[in-house]
Amino acid sequence: MVKPTHLASGKVREIYSIDDHHLLFVATDRISAYDCMLEPDIPDKGKVLTGLSLFWFDLIGLDNHFVTTDLSGVEVSPSERKWLPGRSMVVRRAAVIPLECVVRGYLYGSAWAEYAAGGGPTTEHLPPGLEMGSRLEEPVFTPAHKATTGHDQNLTEAEARALVGSDAFESLRTNSLAAYRRAADHARRRGIILADTKFEFGRVDGQIVLIDEVLTPDSSRYWPAAAWVPGRTMPSFDKQYVRDWLDGVGFDRTPPAPTLPDEVVQGTRARYVEAFERLTNTSFEKYLEENEA
Ligand code: Q0Z
């Protein structure tokens, strides 16, 4: 038995060290909106995101860090033993490549803002005449530098090549675009648009592997396909409901955010579960049953 030691906290995830070659990757139920942590947590959100990551790892078929969800070899307290199943995975420890591998199939968010303002690194290869939310003829790879503090910095292709090396750049771009295409095709058949997503990669024994969570609503922009209209703002599949509630109570987007009432917590949970069920075509109840303590 190996006792994990806490390694790092993210806004919504935790990482523990198991041994020299393995980490325990845990998705919590924490949620943020408008760059602000909300209270209370959304029950089961971490399980939904972990279940989605596992589904996508399998579907996209790239070499990745996932080892097992079996925690029998991991020494944890009784309370953690109840908390961890369904929301955690044992993963291979990688040397993280400091490039956020963003792929966009639609022009939205910061990329749209940059394009509308006259262009920049993210939009250097795009044709003129696109609207907010336009579908791109070909998805684009728009990498950013993982800043240790603050927001990521968008890089030109030349800057990204210089940062990670040309061979690694080619591999990251090819694998990111392939993974996006496979996932976006699948999601579209399930009535969901995968507008954009962010992958992270690392090296294990010199081989480049996909790490972190993949294609979750926290690392991706999912839209209900039925609502897509270019030229205006698009509702996010998972967070629009909670954003609309925050706007409705006059939240000015400066922390702390107002406490979510139970009805909004349950409504938000229901959207995450619906995203899981639509994308995986399996019941979330079944996922919970298969991943009990
Ligand atoms: C991921 C992160 C945080 C959750 C490090 N397989 C891996 N090998 C080495 N490092 C990582 C991984 Cl996934 C790794 N992160 C991002 C930070 C909580 C995820 F605090 N950091």
Side-chain angles (χ1 to χ4, degrees), residues 2-33 35-38 41-42 44-71 73-74 76 80 83-103 143-153 155 163-165 168 171-172 175-176 179 183 196-220 238 272:
V2 218
K3 193 174 183 138
T5 60
H6 188 253
L7 206 61
S9 287
K11 275 205 297 191
V12 299
R13 301 164 300 167
E14 301 289 343
I15 293 192
Y16 300 81
S17 174
I18 294 178
D19 61 36
D20 284 358
H21 301 288
H22 299 93
L23 304 174
L24 184 66
F25 191 95
V26 182
T28 71
D29 291 341
R30 300 195 290 264
I31 183 172
S32 70
D35 260 326
C36 184
M37 296 312 297
L38 305 181
D41 290 356
I42 305 301
D44 295 330
K45 171 174 177 276
K47 295 184 183 182
V48 168
L49 269 59
T50 300
L52 277 172
S53 280
L54 294 169
F55 171 80
W56 288 122
F57 275 141
D58 186 52
L59 188 113
I60 64 186
L62 291 183
D63 206 4
N64 64 66
H65 70 164
F66 175 68
V67 176
T68 184
T69 55
D70 178 1
L71 303 179
V74 185
V76 292
E80 288 166 324
W83 166 250
L84 291 172
R87 64 176 68 254
S88 53
M89 20 185 157
V90 176
V91 300
R92 291 186 285 171
R93 192 190 285 260
V96 179
I97 299 173
L99 199 69
E100 300 278 359
C101 293
V102 180
V103 181
H145 188 202
K146 252 189 245 181
T148 32
T149 59
H151 276 98
D152 297 342
Q153 189 198 350
L155 302 178
L163 180 70
V164 301
S171 161
L172 297 176
N175 286 318
S176 298
D196 53 50
T197 193
K198 175 180 77 184
F199 299 108
E200 301 203 34
F201 293 86
R203 283 189 182 81
V204 176
D205 302 328
Q207 287 286 107
I208 294 180
V209 302
L210 190 52
I211 64 168
D212 217 303
E213 59 177 37
V214 288
L215 295 153
T216 66
D218 280 0
S219 68
S220 316
D238 52 309
Y272 278 100

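Counting starts at 1 for both ligands and their atoms, in listed order. Position 1 is the first residue of the sequence; numbering continues from there. All values reported here derive from a predicted model rather than from experimental measurement.
Annotation for ligand 1: atoms under 4.0 Å from non-hydrogen atoms of Ala8 are 20 (F). The ligand atoms of ligand 1 that sit less than 4.0 angstrom from a heavy atom of Ser9 are 3 (C), 20 (F). Every atom of ligand 1 is numbered from 1 in the order shown, and the set under 4.0 Å from a heavy atom of Gly10 is 3 (C), 18 (C), 20 (F). Each of the atoms 6 (N) of ligand 1 lies under 4.0 Å from some heavy atom of Val91. Less than 4.0 angstrom separates some heavy atom of Arg93 from each of these atoms of ligand 1: 8 (N). Ligand-side atoms of ligand 1 in range of Arg13: 2 (C), 4 (C), 18 (C), 19 (C), range being under 4.0 angstrom from any heavy atom.
For Glu200, no heavy-atom contact with ligand 1 is shorter than 4.0 Å.
The closest approach between Gly202 and ligand 1 stays at or above 4.0 Å for every heavy atom of the residue.
With Asp212, Asn64, Leu23, Ile15 as candidates, the residue nearest to atom 4 (C) of ligand 1 on a non-hydrogen basis is Ile15.
Of all protein heavy atoms, the one lying nearest to atom 10 (N) of ligand 1 is Val96 CG2, 3.4 Å.
Residue-environment remark: NZ (Lys3) stays at or below the threshold of 12 foreign heavy atoms within 6.0 Å. No more than 12 heavy atoms of other residues, nucleotides or ligands sit less than 6.0 Å from atom NE2 of His21.
By the 3.5 Å distance cut-off applied to N or O atoms, His65 is counted among the residues near ligand 1. Taking distance alone, with nitrogen or oxygen atoms compared against 3.5 Å, Ala94 approaches ligand 1 more closely than that limit.
Under a 3.5 Å cut-off, the side chain of Thr28 and the backbone N or O of Val12 do form a donor-acceptor pair. Between the Thr50 side chain and the Arg87 main chain, a donor and an acceptor come within less than 3.5 Å of each other.
Of the candidates Val2, Leu24, Leu7, Ser17 forms a side chain to side chain contact (heavy atoms under 4.5 Å, CB included) with just one, namely Leu7. Of the options Asp20, Asp19, Asp205, Asp63, a salt bridge (charged side-chain N to carboxylate O under 4.0 Å, His left out) to Arg92 is made by Asp63 and by none of the others.
By the 30° and 60° cut-offs, the orientation of the rings of Phe66 relative to Phe57 is parallel.
Of the charged side-chain nitrogens involved, at least one lies within less than 4.0 Å of a carboxylate oxygen, so that Asp218 and Lys45 count as a salt-bridged pair.
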